[in-house]
Amino acid sequence: MPDQAAPFKAAPNSPKFSDLEEQILQFWQQNKIYQQSLERRQNAPSFVFYEGPPTANGMPHPGHCLTRTIKDVFPRYKTMRGFRCERKAGWDTHGLPVEVEVGKELGIHSKEEIEAYGIEPFIQKCQQSVWRYMQEWQRLTERLGFWVDLDEAYVTYHQSYVESVWWSLKNLFDRGLLYQGHKIVWWWAQGGTALSSGEVGQGYREVADPSVYVRFPLLDQPDRSLLVWTTTPWTLPSNMYAAVHPELEYSLVKQADSDQLLYIASSLVETIAARSKTELETVETCKGSDLLGLRYMPPFDGYYKTLGDATGALITPIGDRREEYFYWRVVEADFVTTDSGTGIVHQAAAFGEVDYDVYDREQRRFVEGERPELLCAIGPDGKFVEAVSDDLLGTWVKDADKALSRELKERGLMFLQEQYLHDYPFCWRADQDPLIQYPRRSWFIRTTRFRDLMLKNNSQIGWQPEHIRDGRFGNFLESNVDWALSRERFWGTPLPIWVCEETGRMDAIGSYDELLAKPGVQGTEVWQTAKAANPELVDDLRVHKPYIDAITYDSPFAEGKRMQRVSEVIDCWYDSGAMPFAQWGYPHQGKAQFEDQFPADFISEAIDQTRGWFYSQLAIATMLFGEGASISEEGSETNAADGTEYPVPFRNCIVLGLMLSQWWERTESDHQKTIVLDEAEAKEAAKSGGKFSKQVGKMSKSLRNYRSPEEIFQRYGADALRWYLLANQAPWNSTIYAEQTIKDSIPEFLLRLWNTYSFFTIYAEIDGFDPRTAGDADEQLSPKSLASSPSYRAAEQRNEIDRWILSELHHTIATVTERMDALDNYNACQAITTLLDGLSNWFVRRSRDRFWANDKQSQDKLDAYWTLYETLLELTKLAAPFTPFLADTIWQGLTEPFGKKTLSSVHLCDFPASDPSRIDNGLSDSMRLLREIASLGRAARAAEKLKVRLPLLEVTVILTDDTNLAWLQSHDALIREELNVKAVHYTTDGNQYVQYTVVPNFKRLGPKVGKQVPQVKQALASADGNQLLVQLQDNGHVVLELGEGSVQLDSDDIEVRLKAKDGWAAAQGQGCVVVLNTEVTDELQREGISKDVIRIVQNQRKAIDCGYTDRIAICVSPTGEEVEQAIEEHRQTICEETLADTLEFKTDEGDGANSEHGMVWVSKVSS
RNA sequence: GGGCGUGUAGCUCAGUUGGUUAGAGCGCAUCCCUGAUAAGGAUGAGGUCCCAGAUUCGAGUUCUGGCACGCCCA
């Protein structure tokens, strides 16, 4: 009977993990365990973690669980390892997605509609919308066990945050690094707004556009023309250049019935001739570079009339030529191909990004103040502003195509006109409106000045996986372009620049107070009025549109004039990139925190953040701190800040793969799709007709093709999900969310750990094992302090299997520590799994008898307890960062007898330290061999269909060498038991049973004999293995005669292998062969039968609900004499094993068990 | 169209500086155990390492070229 006063109580059998987790969650909250874990490390060295802010205006899905699990596991680990790891949460709150969400809610789309609705109520709605799914996010964060300071979270719309961002922008502005330029955007003319690439991508559809081939006559040789091609004739009036590829070959061709000569890329001559149904005869050829600089007459002379001969001074003169014409020259461009068109590309810089780049490059050739202007004949409404011909003024671009084409035809410039089918983007909100590429004034940060510095900083970052550094991220930095910072939107950090209404000169503002301190400030009452009318309004809104726009002040540049803010807000990526300092409100406040918490030791986000948060952080930190802080644009009024030395913003970064979903779907008769998330479910549902097909793809809100995190927690628990995410794959691979695998992580790890723990508590209760005998036990029950118990013996005095598992434990601790320090959670988990397997499947199994032994105080039994207890304690600490809930449940169970003397949570403990003196590699090797022998014996049995219950006379184990021979011999009892044999023989002389073969150790042999490897291999294979072995044993080496001389090989160069000879029941492994004596005597047969009977009876005991200690009566109706004799012979054993009072040969009433040996009835006699 | 990545057992995934017999878990099959018991364990089957070339004594691993998929950018 269990000891009533036992310190341990048996743990429940099959717990519902999600319920246990909820309890732990409550415990954590009530006892502020997270805060305690931080306080315990108050003066410890810091390990800095940055939380990349998620947006809380969408529901979280399983993909977010991966990010948050990875973000949790390393800080937890580092905290246990003795570091102070603060974890400030954060929320990304600005940006277009928020505006779109609010717009949907209000049923409005365009900027005009928003303006009509009112910017003030609109941004108020944005501010509220940001928190729409806040609760879900907080719940996810907590339920997953992601420890982070949600209460102290930084929020990008908060005034202090915005002011930090302003400070940084002012810094850049004052250093001349913030400038205005043009950006070519996809423009919705009717709506008056730019569209994001995502929005543009949604709107592509196939349309037929005009395809025109137009002649551009050369100025100096009017009979020669460039032939250019375009599908947007409306851009021709804004033509600036014609681009050729300098390396391509061009032909000057003559049209059959005309005097006209045309330049066309040589490889396209034939195609164009065919299309235009004219003969084109090549007159001469040249390279593209020969055409550079040629001037031509543009197809429309709207600009040409005034600018035709406009020139400017070159920065680098060409020869003695110091001046260059601004427009209508042949220029070079690498993007010119011969895939379509003519090989000469019409350049209208206003309407194409690559065209704009060419223009930009051209501009830089001229000295400042003498540069070509951007030619743009179209207004923001998509209509002609500069009259090409008077009747086009005010015409919508697409309507102008026809008129323009007609005119070109009339003037004889149109070489060919066709229709062209291609994909073209339309507005996703108004599908009749084609988008156009259009230049917008935009603010840029001169990040290109920092390219090399960013690359240098990048090289300092520990990327996980490594290829990110030189691959995706490195390449991205290499091709850096200036950061287009401004957005013509409403909900974002306002660009803190005020402009003089008179002079256009500008000023940047670094904080709200700085603004209020400006002379003659007006407009603050707009905010005050709003706040008075609605006291609920959060104060942070005062630094937002429209309130901030209302504030003006006296211009320092012009007497009596005002300074007014520019209208733009900034890219919200800048917000997130400013997080390292803005989270503290630096430098207006939080200086100490910033200096303490910069840079981060560790961050992690998914791969899609490469150009997002990873870049924005690196760029901003590079520009503001370290060497970068001393860079400023020439001629800027303010010199750069004195470079405070700060390195990269983060030292290590795990880049996570994307998580895909897997589901089963069926299309119903009404074209609706039925989606299930489970294969079993799909099979079940398919019974009602219609097969389901398996799908893999992105998680999609509209399809609902994934399980909500909340449901996963309910079904399987957070630990199961965490273990799946941490232990099943390297985190940077994109993975398929596999429901089944999560389910599997319960029996694979959680339940196995639980069962081992439960096994311990069951026996500890029965035996009253009391760890409190360790009088000096410390608060974390460290192995050293447990040694103070009088019943605790030093490991070297204990049973071998105790020493073995402790050796495995310390080996595992070393591995896990080493792997986790390298940010490798996957292999750390593998090591833990291996340890748990050893503990559960070998230590516990092999030690059952010791735990069941009668003498409660025998030293061997106590050794077993101490070993298991200590291993479980340390294993629990090892597992704590990975499965924090289960680890804490078990920790609390294991420490319960100590009451308040021990730490209340495993997460307050130190991570276990590996004690090298406990690692015994020799023992590990021997034990591995022993387990292999047992396994081989079972395999040999299985091959002969001799089940383990049938006893056999003997096994013979043949080894290649005698290293482990003595050790194994001393363990033959174990093998006898495992294999159910009467005797075990070990030998190295197995000629009778095995064939020896000698194989090369290629790893050593390769470098040694090089090209002779195949010959050596051949020679070894054809030689007699047994003879080679003799040679090796006698001389320590073997000599092989090859064609070109002899080779001497020592024992490290070759490996001896064994192969069982035919005719034996044998199984072979790496270094041994196990041979089974298959002779089954009648005696053995009967013993086997008796064991069968025991099993049948035990099954019946269970079937009739017997308790462990119930006594029974057995009746057997045997099939024959042999069975009867077997039972008679082993009557005593059978009765003992099954707690039977009587065993009779007769037929009984009721349900019996029918077996190969006859009917068996079992009935309960007493409880 | 460009960049980056991925492709290994039915499924989900590992695979070290190249070393010749490619692993794990699940699933499947066969079996064991029945005092951890709605658990636990063993053994086995299962592979053209996406394809084709190249380098090498030797390639899942390196190189080149394809194919498929994904992500990012045009």
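Sequence lines set the chain letters: A, B, ... in the order given, protein chains first and strands last, and positions in each chain run from 1. Since we're looking at a predicted model, the values are computed, not measured.
The gap from the C1' atom of U6(B) to that of C31(B) amounts to 39 Å, rounded to the nearest Å. Nucleotides G58(B) and G44(B) are separated by 31 Å at their C1' atoms, to the nearest Å. Comparing the same atom, P, in U55(B) and in U64(B) gives a spacing of 15 Å after rounding to whole Å. Comparing the C1' positions of U61(B) and G18(B) gives an interatomic distance of 6 Å, to the nearest angstrom. Rounded to the nearest Å, the gap between the C1' atom of C67(B) and that of G53(B) is 15 Å. Rounded to a whole angstrom, the distance from the P atom of A24(B) to that of A45(B) is 12 Å. Separation of the P atoms belonging to U56(B) and U48(B) is 29 Å when rounded to the nearest angstrom. If you take atom P in A74(B) and the same atom in G60(B), they sit 40 Å apart, rounded to whole Å.
Using a 4.0 Å heavy-atom criterion, one finds that T756(A) contacts the bases of the nucleic acid, with or without backbone contacts as well. Residue-level contact check: V844(A) touches the bases, meaning some heavy atom is under 4.0 Å from a base atom. Across all strands shown, K1017(A) has heavy atoms under 4.0 Å from base atoms, whether or not it also approaches the sugar-phosphate. Residue Y763(A) is classed as a sugar-phosphate contact, given heavy-atom separations below 4.0 Å to backbone atoms only. Backbone-only contact: A730(A) has heavy atoms under 4.0 Å from sugar-phosphate atoms and none from a base. Across all strands, R1095(A) comes closer than 4.0 Å to base atoms (heavy-atom distances).
For K947(A), whose side chain is taken as the heavy atoms from C-beta onward, the closest listed nucleotide among C71(B), C57(B), C32(B) is C32(B). Nearest nucleotide to the side chain of V1013(A), out of A36(B), A14(B), U20(B): U20(B). Comparing C13(B), G19(B), U34(B) by their nearest atom to the side chain of N1099(A) picks out U34(B).
D357(A) places its CG atom 14 Å from the C1' atom of C73(B), with the value rounded to the nearest Å. The CD atom of Q464(A) sits 16 Å away from the C1' atom of G5(B) (whole-angstrom rounding). Following rounding to the nearest Å, F614(A) (CZ) and C73(B) (P) show an atom-to-atom distance of 14 Å. Atom pair K945(A):NZ and C31(B):C1' shows a separation of 10 Å (rounding to whole Å applied). Atom-to-atom, CD of Q1018(A) to P of U20(B) comes out at 18 Å; the value is rounded to the nearest Å. Across the protein-nucleic acid pair, L1005(A) atom CG and G58(B) atom P stand 14 Å apart, rounded to whole Å. A straight line from CG of L726(A) to C1' of A14(B) spans 15 Å, rounded to a whole angstrom. Distance H467(A) NE2 to G5(B) P: 6 Å, rounded to the nearest Å.
Aromatic ring centres of Y865(A) and F851(A) lie closer together than 6.0 Å. Taking the six-membered ring for Trp and the full ring otherwise, the centers of F17(A) and Y716(A) sit at least 6.0 Å from each other. Here W754(A) and F749(A) keep their ring centres 6.0 angstrom or further from each other. In this structure, Y869(A) has its ring center closer than 6.0 angstrom to the ring center of F760(A).
Side-chain N/O atoms of Y724(A) include none lying less than 4.0 angstrom from OP1 or OP2 on U12(B). In this structure, N733(A) reaches the A14(B) phosphate: one of its side-chain N or O atoms is under 4.0 Å from OP1 or OP2.
Using Watson-Crick or G-U wobble geometry with both donor-acceptor distances under 3.5 Å, A42(B) finds its partner in U30(B). Checking G47(B) for Watson-Crick or G-U wobble geometry (two distances, each under 3.5 Å) identifies no partner in any strand. As the counterpart of G23(B), C13(B) is assigned, both hydrogen-bonding distances of the Watson-Crick or G-U wobble pattern falling under 3.5 Å. Across all strands shown, G53(B) is found opposite C63(B) as a Watson-Crick or G-U wobble partner, with both distances under 3.5 Å. Across all strands shown, G58(B) has no partner, as no Watson-Crick or G-U wobble contact with both distances under 3.5 Å is found. Under the Watson-Crick or G-U wobble criterion, with both distances below 3.5 Å, A36(B) has no partner in any strand shown. The base-pairing partner of G5(B), taking Watson-Crick or G-U wobble contacts with both distances under 3.5 Å, is C69(B).
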Give me, pair by pair, the N or O atoms of the protein and of nucleotides 40-47 of chain B that are less than 3.5 Å apart, along with how far apart they are.
residue	atom	partner	partner atom	Å
G41(B)	OP1	N841(A)	OD1	3.0
G41(B)	OP1	N841(A)	ND2	3.3
A42(B)	O2'	R938(A)	NE	3.1
U43(B)	OP1	S935(A)	OG	2.3

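For R611(A) against C73(B), no side-chain N or O and base N or O form a donor-acceptor pair under 3.5 Å.
A side-chain N or O of W483(A) and one of D571(A) form a donor-acceptor pair less than 3.5 Å apart. With no hydrogens or angles considered, a side-chain donor-acceptor pair links Y615(A) and N480(A) at under 3.5 Å. W723(A) and N728(A) share no donor-acceptor pair across their side chains, judged by distance under 3.5 Å alone.
Each of G471(A) and F759(A) was assigned the nucleotide of RNA chain B with the nearest heavy atom; the assignment lying further toward the 5' end belongs to G471(A). Of the two residues near RNA chain B, L839(A) and L658(A), the one whose nearest nucleotide lies more 5' is L839(A).
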Please step through ring-ring contact (aromatic ring centres under 6.0 Å, His included) for the pair F614(A) and W573(A), ending with a clear verdict.
CA-CA 10 Å; F614(A) 299 152; W573(A) 284 118; 9.8 Å; no
For the pair N733(A) and Y826(A), evaluate side chain to side chain donor-acceptor pair (under 3.5 Å) and give the outcome as yes or no after the intermediate values.
CA-CA 12 Å; N733(A) 276 337; Y826(A) 176 76; over 6 Å; no
In sequence, state the C-alpha distance, the side-chain angles, and the governing distance for K947(A) and E1156(A), and then conclude on salt bridge (charged side-chain N to carboxylate O under 4.0 Å, His left out).
CA-CA 15 Å; K947(A) 54 188 173 185; E1156(A) 53 178 324; 3.6 Å; yes
